[in-house]
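As structure tokens, the structure follows; a few thoughts come after it.
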Amino acid sequence: MRIGIVILPDQRWSDSQRRWRQADEWGFDHAWTYDHLGWRDLVDGPWFDSVTTLTAAATVTSRIRLGTLVASPNFRHPAAFARQVTALDDVSGGRLLLGLGAGGIGFDSAVLGGETLPPRQRVDRFAEFTELLDLILREDGTTWRGEWFSAVDARSNPGCVQTPRVPFVVAANGPRSMRLAARFGQGWVTTGPAVEDLESWWAGVAEAAARMDATLAAAGRDPGTLDRYLSLDSAPVFSLSGAEFFADQVGRAAALGFTDVVTHWPRDSSWYAGDEAVLVDVATRLLPELRRA
């Protein structure tokens, strides 16, 4: 079991860099940040760019993998994003994990003035975004014309440090996105269902895991070739509510076949509100044991 942590880009770097250094020193396997122009009610507070944040994080860490949770086509074009991805993989020494998703209907989908797309069209766009990004990162000089994106001789030279490209961790809960994960993903990440009680959430997570098994079987892909990430804090209860509670949640994820879990650095209020002392306890006392789960 690998354990990761999300550090929201909601602090100035002079304050935030401590967290990235600490996550690396504690031994977390991966650290992520949200790739949004603004997120829910936190749009009214400090918020910083994900790629710049991860680049800065790469310079103050040495071991931990770094990732977007998740980048989407809401405000990104594959040709431009491929250049950023290539640079970030280079600066990090090949430690980048690229979380990708279809994009929601919040601030990101409205701030550029375009229409808010219904779910089917968002997945259509995501499929094209993922395929084109994959092509550009693997093959220098890509020309493409689709319904949502176009590219003419798009370049990614000198290419990613990781070959044939950085690993894609594809966010998917529905059948079409799961097929994308099976086709393009080195990893799959799920948030489980939007429900009010914890047991119903875990039941939904188990169903999602079973659907991914079926999707991989239909695609003829070995299940062991896809890493499985679970975002623990999509549950109705914050995973770092207590150290023993966190350990229990990690154990439940492992029992369902997840290879990786992700928690969030506790905040003072609002989303992921919690006590940083619990995180310290988990990291210093339980993390080595949990990673052997």
Side-chain angles (χ1 to χ4, degrees), residues 34-37 50-51 67-86 96-106 108-110 112 114-156 160 164-194 207-223 225-229 231 234:
Y34 284 3
D35 187 40
H36 293 287
L37 298 178
S50 66
V51 173
T68 53
L69 199 70
V70 290
S72 83
N74 265 339
F75 56 90
R76 295 202 177 279
H77 189 288
F81 192 38
R83 284 297 198 190
Q84 293 178 299
V85 168
T86 302
L96 179 62
L97 293 168
L98 193 60
L100 300 173
I105 58 173
D108 289 351
S109 68
L112 299 183
E115 64 175 316
T116 297
L117 300 176
R120 176 175 291 277
Q121 286 184 295
R122 290 204 305 276
V123 177
D124 289 343
R125 183 183 61 176
F126 180 41
E128 201 171 285
F129 176 85
T130 304
E131 184 170 358
L132 179 53
L133 184 61
D134 170 69
L135 279 173
I136 296 172
L137 289 174
R138 286 191 298 102
E139 302 175 5
D140 194 42
T142 298
T143 297
W144 168 287
R145 183 168 298 280
E147 180 182 356
W148 301 97
F149 300 102
S150 297
V152 179
D153 197 22
R155 304 300 183 92
S156 62
C160 298
R165 57 156 169 75
V166 300
F168 287 3
V169 179
V170 179
N173 288 320
R176 294 179 63 205
S177 295
M178 284 186 172
R179 288 196 292 272
L180 282 177
R183 180 181 176 190
F184 293 105
Q186 284 66 54
W188 161 61
V189 58
T190 182
T191 56
E207 291 172 3
R211 290 198 303 273
M212 179 53 76
D213 285 338
T215 301
L216 292 170
R221 180 169 174 179
D222 179 358
T225 65
L226 184 74
D227 292 333
R228 298 173 181 229
Y229 295 73
S231 180
S234 300

Does the side chain of Asp35 reach to within under 4.5 Å of the side chain of Ser72, using non-hydrogen atoms? no

So which heavy atom on Ala151 is nearest to which on Ala154, and how close? CB-CB, 4.0 Å

Nearest-0.5 Å distance that lies between atom OG1 in Thr225 and atom CG in Leu216: 7.0 Å

Nearest heavy-atom approach of Asp108 to Phe75 is OD2-CE2, 3.5 Å

4.5 Å side-chain heavy-atom contact, Leu96 and Val85: yes

Show me the pairs that pass salt bridge (charged side-chain N to carboxylate O under 4.0 Å, His left out) and involve residues 118-130, at least two apart or across chains. Asp124-Arg176

Derivation of the side chain to side chain contact (heavy atoms under 4.5 Å, CB included) call for Leu97 and Tyr229: CA-CA 12 Å; Leu97 293 168; Tyr229 295 73; 3.9 Å; yes

Gap between atom OG of Ser109 and atom NE2 of His36 - 0.5 Å precision: 11.0 Å

Heavy atoms, side chains only, cut-off 4.5 Å: are Phe81 and Leu100 in contact? yes

Under 3.5 Å, side-chain donor or acceptor atoms of residues 133-141 against the rest of the protein: list the pairs with distances, not counting sequence neighbours.
residue: Asp134; atom: OD1; partner: Arg138; partner atom: NE; Å: 3.0
residue: Asp134; atom: OD1; partner: Arg165; partner atom: NE; Å: 2.6
residue: Asp134; atom: OD1; partner: Arg165; partner atom: NH2; Å: 3.2
residue: Asp134; atom: OD2; partner: Arg138; partner atom: NE; Å: 3.1
residue: Asp134; atom: OD2; partner: Arg138; partner atom: NH2; Å: 2.8
residue: Asp140; atom: OD1; partner: Ser156; partner atom: N; Å: 2.7
residue: Asp140; atom: OD1; partner: Asn157; partner atom: N; Å: 3.2

Sorted by chain and number, sequence neighbours left out, salt bridge (Lys or Arg N to Asp or Glu O under 4.0 Å) with Arg183 holds for Glu131

Pick from Val170, Thr215, Val123: which one makes a side chain to side chain contact (heavy atoms under 4.5 Å, CB included) with Arg179? Thr215

Could you check whether any side-chain heavy atom of Val70 comes within less than 4.5 Å of a side-chain heavy atom of Phe168, counting everything from C-beta outward? no

Within this structure, what is the CG-OG1 distance for the pair Leu132 and Thr142, rounded to the nearest 0.5 Å? 7.0 Å

Where is the tightest heavy-atom contact between Gly101 and Ala171, given as atom of each residue plus distance? CA-CB, 4.2 Å

Nearest heavy-atom pair of Ala127 and Leu180: which atoms, and what distance? CA-CD1, 3.6 Å

Between Met212 and Thr190, is there a side-chain heavy-atom distance shorter than 4.5 Å? no

Could you note down all residue pairs passing salt bridge (charged side-chain N to carboxylate O under 4.0 Å, His left out) where residues 207-217 supplies at least one of them, sequence neighbours left out? Asp213-Arg228

Looking only at heavy atoms, the pair that brings Trp188 and Ala172 closest together is NE1-O, 2.7 Å

For Asp222, all residues meeting salt bridge (Lys or Arg N to Asp or Glu O under 4.0 Å), sequence neighbours excluded: none

Ignoring hydrogens and angles, tell me if any N or O in the side chain of Asn173 forms a donor-acceptor pair with the backbone of Pro193 under 3.5 Å. no

Evaluate the side chain to side chain contact (heavy atoms under 4.5 Å, CB included) criterion for residues Leu117 and Trp148: first the C-alpha distance (whole Å), next the side-chain angles of each, then the deciding distance (0.1 Å), finally the verdict. CA-CA 12 Å; Leu117 300 176; Trp148 301 97; 3.8 Å; yes

For Phe129, what residues pass the ring-ring contact (aromatic ring centres under 6.0 Å, His included) criterion, not counting sequence neighbours? Phe149

Euclidean distance, Arg76 CZ relative to Thr68 OG1, rounded to 0.5 Å: 8.0 Å

